[in-house]
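Step one of this worksheet: look at the structure below.
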2 protein chains.
Amino acid sequence: MQDNLSPIFAALADPTRRAIIGQLAKGEAHVGDIAKPFLKEMSLPAITKHLKVLESAGLITKTKDAQWRSCKINAKPLEEATHWMEQYREFWEESFDRLDEYLKSIQSKKKSKGKKHGKG
Amino acid sequence: MQDNLSPIFAALADPTRRAIIGQLAKGEAHVGDIAKPFLKEMSLPAITKHLKVLESAGLITKTKDAQWRSCKINAKPLEEATHWMEQYREFWEESFDRLDEYLKSIQSKKKSKGKKHGKG
DNA sequence: TGCATATATAACCAAATTGTTAATTAACCA
DNA sequence: TGGTTAATTAACAATTTGGTTATATATGCA
């Protein structure tokens, strides 16, 4: 019911992979092109692996083009991930007009705590 | 310049931790309350660890309350993560009115490819 | 004081992640 | 046919992750 999200978030948890997405947002690119900015920091096989993680998460698609693999961003999974987060938007907006109400609800919870935890 | 995002995405990559956030969205809760739905699947120390990951990512805050630790959602990091993803919103919306233009840009890239890769 | 409750920490383990280098595959080209 | 280029795969090591059980800490209470 909700777990294709894990591989998406896991893919985004790596800064190299986020940078790759940022790069692909500017247009399709081949593995070698994608790798170029990272080759001082890591090897080509490392990039191959990162691309595989992104592909498994559905964030990119690869197409064969002679001896090159052309990589294209697929943002659909980002939409799903964003959708999951949007559920909690009210919690980062509450600090404005909803703060008062929120604090009140916290207070009423605190009041009922004595009873609530007496059962153990 | 941009890496507090990794621990946030990493925290969200685990379904147990996402479920905990879902639970805390309904209100503050103590560790024991949070753990209850998971105790058939894992132990209390496992939950303690998950909470620590969430806390390190800034997604929850814990306050001491006698022998209980009250956990509260803090959605600010979700806002940051969402903000990062929003950069790519056009890519999941393009499939409507922007599709045509996009396809054209792809086509022109394809045309220039022969030259582009002749340099190696 | 000392027991019960709530939670955290320690020590450990298996599996996954992230990188490496070396070898392999695949396509083009002379 | 063989060499060059592009990318992947294999084998390996170090680190991190996510769980375990056993122990420790902290608080409230009889």
Side-chain angles (χ1 to χ4, degrees), chain A residues 3 6-20 23-24 28-57 59-72 113-120, chain B residues 3 6-21 24 28-57 59-72 113-120:
Chain A
D3 215 23
S6 290
I8 299 169
F9 284 124
L12 299 177
D14 185 281
T16 301
R17 289 194 292 261
R18 288 199 307 279
I20 289 173
Q23 208 182 325
L24 291 181
E28 276 189 78
H30 297 152
V31 175
D33 297 330
I34 294 165
K36 204 167 293 174
F38 303 106
L39 290 180
K40 281 129 202 163
E41 298 167 28
M42 70 188 71
S43 67
L44 189 56
I47 298 295
T48 296
K49 284 189 182 184
H50 281 306
L51 291 174
K52 188 161 284 187
V53 173
L54 289 168
E55 194 179 19
S56 301
L59 285 160
I60 67 170
T61 54
K62 275 192 265 194
T63 55
K64 220 172 147 179
D65 175 19
Q67 66 267 59
W68 297 279
R69 305 296 185 284
S70 196
C71 300
K72 180 178 177 298
K113 214 161 14 184
K115 277 176 226 166
K116 201 176 163 192
H117 297 103
K119 73 148 178 55
Chain B
D3 215 24
S6 289
I8 299 169
F9 284 125
L12 298 177
D14 186 281
T16 301
R17 289 192 292 260
R18 289 200 305 280
I20 289 173
I21 288 177
L24 291 181
E28 276 190 79
H30 296 154
V31 174
D33 296 332
I34 294 166
K36 205 167 292 173
F38 303 106
L39 290 180
K40 281 126 200 166
E41 298 167 28
M42 71 187 69
S43 67
L44 190 57
I47 298 296
T48 295
K49 284 190 180 183
H50 281 306
L51 292 174
K52 187 161 284 187
V53 173
L54 289 168
E55 195 179 18
S56 301
L59 284 160
I60 67 171
T61 53
K62 274 192 264 193
T63 53
K64 218 173 148 180
D65 174 21
Q67 65 266 62
W68 296 279
R69 302 299 183 286
S70 196
C71 301
K72 181 176 175 301
K113 212 157 20 183
K115 276 176 232 166
K116 199 178 164 192
H117 297 102
K119 71 146 178 62

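Numbered from 1 within each chain, the chains take letters A, B, ... in sequence-line order. All values derive from a computational prediction rather than experimental measurement.
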Discussion item. What's B:A46 touching, base or sugar-phosphate or nothing? Going by heavy atoms closer than 4.0 Å.
Written reply: base

Practice prompt. Grab the two heavy atoms, one from A:A57 and one from A:P7, that are nearest each other, plus how far apart they are.
Written response: CB-O, 3.6 Å

Worksheet item: Of the nucleotides D:dT20, D:dA7, D:dT8, which has the atom closest to the A:W68 side chain?
Response: D:dA7

Worksheet item: Rounded to whole angstroms, how far apart are NE2 on A:H30 and P on D:dA6?
Response: 11 Å

Discussion item. Which nucleotide wins on minimum distance to the side chain of A:Q67, given the candidates D:dT5, D:dG18, C:dT9?
Written reply: D:dT5

Response to the item:
Among D:dT20, D:dA11, C:dT7, the one nearest any side-chain atom of B:L44 is C:dT7

Worksheet entry | Nucleotide nearest B:M42 (side chain, heavy atoms from C-beta), chosen from D:dT8, C:dA27, D:dG19 | D:dG19

Worksheet item: Nearest-Å distance, CG (B:L12) to P (D:dG18)?
Response: 12 Å

Worksheet item: Please give, in whole Å, the distance from D:dT20 C1' to B:H50 NE2?
Response: 12 Å

Response to the item:
Among C:dC28, C:dT21, C:dT18, the one nearest any side-chain atom of A:A66 is C:dC28

Worksheet item: Is the shortest heavy-atom distance from the side chain of A:H30 to the side chain of A:R69 under 4.5 Å?
Response: no

Worksheet item: At what distance, to the nearest 0.5 angstrom, does OG of A:S56 lie from CD1 of A:I8?
Response: 11.5 Å

Fill in: Distance, rounded to the nearest Å, where B:D14 contributes CG and D:dT17 contributes C1'
9 Å

Worksheet entry | Candidates C:dA22, D:dT20, C:dT7 - which lies nearest the side chain of A:P45 | C:dA22

Practice prompt. Assign each of A:A13 and A:K64 to its nearest nucleotide of DNA chain C by heavy atoms, then name whichever residue's nucleotide is nearer the 5' end.
Written response: A:A13

Item to complete: Find the distance A:R18:CZ to C:dT18:C1' and express it as a whole number of Å.
Response: 15 Å

Worksheet entry | Phosphate OP1/OP2 of D:dT8 contacted by A:T48 side-chain N/O (<4.0 Å) | yes

Item to complete: Check whether any side-chain heavy atom of A:L59 lies under 4.5 Å from a side-chain heavy atom of A:L12, and answer yes or no.
Response: yes

Practice prompt. Select one nucleotide: of C:dT21, C:dA8, D:dG18, the one nearest the side-chain heavy atoms of B:V31.
Written response: C:dA8

Worksheet item: Are any of the side-chain heavy atoms of B:F9 and A:R18 separated by less than 4.5 Å?
Response: yes

Discussion item. Let's see if you can work this out: which of C:dA11, C:dA22, C:dT7 has an atom nearest to the side-chain heavy atoms of B:K49?
Written reply: C:dA11

